[in-house]
Amino acid sequence: MTQRYEPSLFEARWQQHWLENRTFRTPGPGDPDFDPARPKYFVLDMFPYPSGAGLHVGHPMGYIGTDIIARRKRMEGFNVLHPMGYDAFGLPAEQYAIQTGQHPAVTTEANIATFRRQMQAIGLGYDWDREFATCTPDYYRWTQWIFARLYDRGLVYQTEVPVWWCEELKTVLANEEVINGRSERGDHPCVRRPLKQWMLRITAYADRLIDDLDELEWPESVKTMQREWIGRSEGAEVRFPVAEVEGEEVTVFTTRPDTLYGVTFMVLAPEHPLVDRITTADQRAAVQAYREQAAVKSELDRTDLAKDKTGVATGAYALNPLLSPEDPEARIPIHVGDYVLMGYGTGAIMCVPGHDERDFEYAQEFGLPVRTVVAPEDGSAVEGCFTGTGRAVASPRWDGLPTAEAKARSLGILEELGCGTARVTYRLRDWLFSRQRYWGEPFPILHAEDGTHRRVADEDLPVELPEMTDFAPAEDGAPPLSRAGDWLEVTDPSGARLVRDTDTMPGWAGSCWYYLRFMDPRNGQAFASPEALDYWRSVDLYVGGTEHAVLHLLYARFWHKVLFDEGLVPTKEPFAKLFNQGMLQAFAYKDATGRLVPSDEVELSGPEPIHRESGARLEQVVAKMSKSLRNVVNPDEVCAEFGVDAFRLYEMFMGPLADSKPWNPRDVPGARRFLERLWRLFVDEEGDQPIRAELLVEASGEPEGEALEIERAWNPCLQRINDSFGAFNFNTAIAAFMEWLNVATKHRAGFRRDQAERVLAALAPFAPHVAEELWARLGHEPGSVSRAAWPALDERYMGSDTFELAVQVMGKLRGRVEAPKDASKDQLEALARAAVADKLEGKEIKKVIVVPGRLVNFVAM
RNA sequence: GGGGACAUGGCGGAAUCGGUAGACGCAGCGGCCUUAAAAGCCGCAGGCCGCGAGGCCGUCCGGGUUCGAGUCCCGGUGUCCCUACCA
């Protein structure tokens with residue numbers, strides 16, 4: 001039998017061993033082997049949607065990172081909760097079902113099997129006993145149950161709203177799923193259409209969702225995104241009476257009530273209900289035409305077309321409530337314009353072209369007057385539009401006040417006059433929560449004949465998805481479930497006939513609380529036991545990509561807070577610490593015209609990349625991995641060619657986990673070579689023994705000679721490994737291993753068993769297969785390195801006794817000299833002086849800076 | 001238009017508190033081993049000048065603070081990500 005490093009001979013075997021022995025199973029409260037004395041650590045990956053394409057090398061980047069963290073924490077004595085599951089409801093499986101007739105449950109199950117196999121093949125140490133998919137009744141029963149809690153708290157309502165409708169997908173989409181009028185998934189055109197929809201009152205939690213961000217250990221950028229998404233803005237609601245139309249008034253929201261004297265016109269959103277009531281006869285045709293045009297425009301892209309402001313006068317006028325109705329200045333025209341959005345604030349604005357750029361543009365377009373009511377603090381003259389803060393001018397009731405005070409004063413006056421109040425507005429809208437689709441959680445809702453609805457009793461959950469064979473939505477947009485026959489009909493105990501709701505929940509629903517289910521995934525009595533919730537509390541470290549910075553993380557926080565208010569979870573927030581891994585990119589090749597050339601047309605064997613057909617030189621650039629560039633890398637292939645440990649090491653060696661960085665196929669063999677060299681330190685490839693005989697000898701006493709050299713290299717290496725867990729820059733840990741290996745190889749004759757054991761323990765989180773293999777060959781119980789203790793640092797052997805002292809003259813490096821680590825400042829200065837004596841000759845030394853352990857700098861003229 | 005991140009050799013990237021820039025790896029070059037090649041092992045390796053000792057330049061560009069700046073401050077350029085009439 002060969003003793004060469006051949007990972008295919010043992011990697012699969014160890015993976016099998018871990019599964020069979022449930023090595024990474026984590027006992028929790030209620031399990032007989034649970035040890036409550038240990039501290040807990042819950043480290044979670046954002047679980048994947050199991051697509052048909054399987055994993056590509058980008059997915060495992062974060063998974064390998066958390067696997068390393070989980071494995072080390074386990075070795076440090078923590079109860080580590082590190083599970084994996086599948087966000088398995090969603091559109092792609094259903095689209096596929098419509099095209100092929102395959103039931104989404106079938107394709108989803110097949111995809112999950114692929115994902116599971118791939119993740120196990122990477123050696124990820126998840127607790128597979130806790131695995132689940134959100135599309136199983138065992139799970140969505142509790143999704144429905146939590147929905148019922150929201151329902152009972154009045155956070156669920158049904159309303160007719162203009163929603164994004166995607167003709168291609170035959171469903172409504174949430175605002176955030178539509179980008180520039182096209183669906184985020186599939187890039188199909190979408191139109192606005194009024195439909196009755198389920199809404200969740202997330203806006204009721206807006207303030208808490210902003211305020212509680214402060215206590216989270218999250219990237220500032222993500223917190224900022226969430227704050228801006230919620231978009232809290234403080235201002236006033238002001239009511240302007242409409243001239244000559246008795247009883248009508250225009251209510252606007254403004255953040256600048258201090259500019260009220262500068263209002264010269266008003267604009268209503270095209271959809272504003274007031275438009276019909278106030279438009280004058282001679283403007284009616286023009287307004288009607290404009291509204292129709294605006295409705296079409298919104299289907300395309302209102303924002304893109306809005307380079308120039310458009311609008312039309314209604315012919316009606318409003319009266320500035322601060323001025324006397326007789327004052328001609330008080331009379332301001334009311335327009336309709338599509339730069340005002342019906343969905344924000346009141347759908348109407350007061351326009352102050354002197355101090356708002358959009359209003360200014362509109363005023364320019366339509367020749368409306370501009371009135372200046374704020375002057376810059378420094379007294380400088382402003383022409384056109386000034387949006388900054390300063391002092392109020394031409395504003396009789398608060399002239400001369402700085403903007404902040406003017407705001408407060410104007411608010412007070414508005415309230416006094418009874419024509420305005422302070423108000424807070426949010427950009428965040430209530431969450432459109434229903435989809436006219438099949439593959440999602442059915443709503444646990446029953447409709448009565450009188451038009452009322454009630455929720456399904458808890459004991460009747462889950463409301464299971466009915467078996468169907470045709471999932472296509474109807475032409476009129478009626479959901480597939482409306483054709484579900486018997487399933488639809490329910491008779492309640494009183495004999496009343498009820499009909500089930502036929503919408504399903506959006507893809508986000510299942511991921512709103514899955515982290516809680518991991519705490520107690522097989523519980524049939526509750527979504528998780530109070531004991532489990534109380535022990536695991538919340539996620540200590542949550543790792544995933546930035547693409548979920550707003551939606552998923554905001555929705556999950558919302559549900560968690562509702563559960564907190566219900567007294568069902570012990571924490572206010574679900575994810576204590578968030579970490580965003582970088583994106584995995586790939587090299588791409590650009591020709592002279594700037595076009596990207598698919599990778600398989602590029603010849604890389606020469607000194608520079610060449611286009612195979614034309615022979616043209618190409619430029620290497622960094623781009624996303626994409627099918628069209630044919631630079632997508634499959635982890636299965638990499639593992640097959642280089643081994644799993646090499647794959648894991650390379651992914652971590654590429655750079656810090658947080659950075660985006662390109663996959664370079666040429667670098668992968670370097671990781672493999674490291675493992676081979678390490679192997680040879682332990683195993684004589686030419687011999688027939690599983691491990692070098694010296695390593696079977698129990699070492700005693702302090703290391704000496706070559707063993708001492710290895711020891712002195714090891715401890716700084718371990719220090720760097722430990723430090724790499726601070727910022728998740730495991731590339732530096734692996735570099736440290738490599739440097740240590742270079743030293744150890746040089747002094748291999750002195751390599752001792754105790755050193756071998758410590759190295760393998762520290763290596764185990766990074767390259768677990770080879771660590772297990774060599775650990776077992778050392779005679780330890782198979783599989784036990786995963787449970788070994790994390791090695792301790794020995795401060796006595798932190799490198800050698802001397803260091804290289806840099807000697808500078810006037811800040812420039814002029815020499816180097818070996819110096820003892822414990823030398824005094826005076827000794828260092830003397831050594832340095834001797835080293836650069838010739839450079840100092842004839843110069844006057846003005847100052848000497850001594851930095852122990854580093855350098856000496858002579859300031860000399 | 002707004003917000004954020006980043007910028008270091010041919011490539012990926014190192015560099016605690018401001019203290020020897022380029023660790024580690026890839027690609028490259030030289031040597032050993034070999035009939036030869038591969039693999040492996042040993043060594044070289046930012047640029048320029050010089051036979052050499054050595055010197056000069058160098059972390060996107062321009063200024064500044066400092067004994068000393070990749071790191072801090074001001075201004076600019078470029079790349080990537082997010083966002084987009086939010087009143």
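Quick caveat, the model's predicted, so the values are computed rather than measured. Below, read A as the first sequence line, B as the second, and so on, with proteins coming before strands; counting in each chain starts at 1.
The 5' end of RNA chain B is approached more closely, in terms of each residue's nearest nucleotide, by A:Q620 than by the other of A:D359 and A:Q620. Where A:T745 and A:A736 meet RNA chain B, the nucleotide closest to each residue was compared, and A:A736 sits on the side nearer the 5' end.
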Start with the C-alpha distance between A:R680 and A:E676, add both sets of side-chain angles, then the distance that settles side chain to side chain contact (heavy atoms under 4.5 Å, CB included), and finish with yes or no.
CA-CA 6 Å; A:R680 289 199 294 270; A:E676 288 173 352; 4.0 Å; yes
For A:L578 and A:M46: C-alpha separation, side-chain torsions, deciding distance, then whether side chain to side chain contact (heavy atoms under 4.5 Å, CB included) applies.
CA-CA 11 Å; A:L578 175 71; A:M46 291 183 187; 4.0 Å; yes
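A:M583 has its CE atom 20 Å from the P atom of B:G4, to the nearest Å. Between the NZ atom of A:K812 and the C1' atom of B:A69 there is a distance of 14 Å, rounded to whole Å. If you take CG of A:L805 and C1' of B:G19, they are 11 Å apart, rounded to a whole angstrom. What separates CG of A:L553 from P of B:C82 is a distance of 16 Å, to the nearest Å. Following rounding to the nearest Å, A:F858 (CZ) and B:G68 (C1') show an atom-to-atom distance of 14 Å. Atom-to-atom, CG of A:L813 to P of B:G58 comes out at 15 Å; the value is rounded to the nearest Å. If you measure from atom CD of A:Q585 to atom P of B:C6, you get 15 Å, rounded to the nearest angstrom. For A:K843 and B:C67, the NZ to P distance is 17 Å, given to the nearest whole Å.
The listed nucleotides are B:G40, B:A87, B:A21; the one nearest the side chain of A:Y344 is B:A87. Closest to the side chain of A:T254, out of B:A87, B:A14, B:G19, is B:A87. Distances were taken from every side-chain heavy atom of A:R814 (C-beta onward) to each of B:C24, B:A15, B:C56; the shortest belongs to B:C56. Distance from the side chain of A:P662 is smallest for B:G13 among the nucleotides B:U20, B:G13, B:C24. Closest approach to the A:N729 side chain among B:G19, B:C26, B:A15 is made by B:A15 (side chain taken as heavy atoms from C-beta onward). For A:V859, whose side chain is taken as the heavy atoms from C-beta onward, the closest listed nucleotide among B:C41, B:C67, B:G19 is B:C67. Here the side chain of A:R680 is nearest to one of B:C41, B:A87, B:C67, namely B:C41. Taking the side chain of A:R720 as heavy atoms from C-beta on, and the options B:U16, B:G25, B:A23, the nearest nucleotide is B:A23. Closest contact between the side chain of A:S233 and the listed nucleotides B:A87, B:C24, B:G3 involves B:A87. In the set B:C82, B:C11, B:A87, the nucleotide with an atom closest to the side chain of A:M225 is B:C82.
Taking atom C1' in both B:C72 and B:A27, the straight-line distance is 36 Å, to the nearest Å. Nucleotides B:U34 and B:G9 place their C1' atoms 34 Å apart, quoted to the nearest Å. For B:A69 and B:C60, the C1' atoms lie 16 Å apart once the distance is rounded to whole Å. Only the P atoms considered, B:A15 is 13 Å distant from B:U20, to the nearest whole Å. Rounded to whole Å, the separation between the C1' atoms of B:C74 and B:G19 comes to 24 Å. Distance noted for atom P between B:U71 and B:U16: 13 Å (whole Å). Nucleotides B:G12 and B:C17, compared at atom P, are 25 Å apart to the nearest Å. Comparing the P positions of B:G13 and B:G30 gives an interatomic distance of 29 Å, to the nearest angstrom.
Counting any heavy atom pair closer than 4.0 Å across all strands shown, A:D659 reaches no nucleic acid atom. Residue A:K223 is out of contact with every strand shown, counting any heavy-atom pair closer than 4.0 Å. Residue contacts for A:F737: at a heavy-atom cut-off of 4.0 Å it reaches no nucleic acid atom on any strand shown. The residue A:N857 sits close to a base: some heavy atom pair falls under 4.0 Å. Among the protein residues, A:S660 comes within range of the sugar-phosphate backbone only, with heavy atoms under 4.0 Å from sugar or phosphate atoms but none that close to a base. At a threshold of 4.0 angstrom between heavy atoms, the contacts of A:P656 are confined to the sugar-phosphate backbone, with no base atom among them. In this structure, A:Q808 reaches the bases: a heavy-atom distance under 4.0 Å links it to at least one base atom across the strands shown. When heavy atoms are screened at a 4.0 angstrom cut-off, A:E804 is found touching base atoms of the nucleic acid. Residue contacts for A:K846: at a heavy-atom cut-off of 4.0 Å it reaches no nucleic acid atom on any strand shown.
A sub-4.0 Å separation between OP1 or OP2 of B:A87 and a side-chain N or O of A:R256 is absent. Between A:N664 and B:A27 there is no side-chain polar atom (N or O) within less than 4.0 angstrom of OP1 or OP2. OP1 and OP2 of B:C24 both lie 4.0 Å or more from every side-chain N or O belonging to A:N731. The shortest distance between the side-chain N/O atoms of A:R227 and the OP1/OP2 oxygens of B:G3 is not below 4.0 Å.
Residues A:Y362 and A:F265 place their aromatic rings such that the two centres sit under 6.0 Å apart. For an aromatic pair to be called close, the ring centres must be under 6.0 Å apart, and A:F725 with A:F730 satisfies this.
More than 90° away from 0 lies the glycosidic angle of B:G63, which makes this nucleotide anti. With its glycosidic angle within 90° of 0, B:C17 adopts the syn conformation.
Counted within 6.0 Å of NZ on A:K821, heavy atoms from surrounding residues, nucleotides or ligands total more than 12; the atom is thus considered enclosed.
For A:D430 and A:T203, the side-chain atoms include at least one donor-acceptor pair closer than 3.5 Å. Side chains of A:S660 and A:Q585: a donor-acceptor N/O pair is absent below 3.5 angstrom, by distance only. At a cut-off of 3.5 Å, with distance as the only test, no side-chain donor of A:N320 or A:Y261 sits close to an acceptor on the other residue.
Stem list for RNA chain B (at least 3 consecutive Watson-Crick or G-U pairs, distances under 3.5 Å): B:1-7 with B:77-83, B:10-12 with B:24-26, B:28-32 with B:40-44, B:46-49 with B:54-57, B:60-64 with B:72-76.
Contact of the A:W663 side chain with the A:M654 side chain is registered, since non-hydrogen atoms from C-beta on lie closer than 4.5 Å.
A cation-pi arrangement is present between A:K309 and A:Y339 under the rule of less than 6.0 angstrom and at most 45 degrees off the ring axis.
Taking the six-membered ring where the residue is Trp, A:Y344 and A:F253 present perpendicular rings, their angle passing 60° and hence far from 30°.
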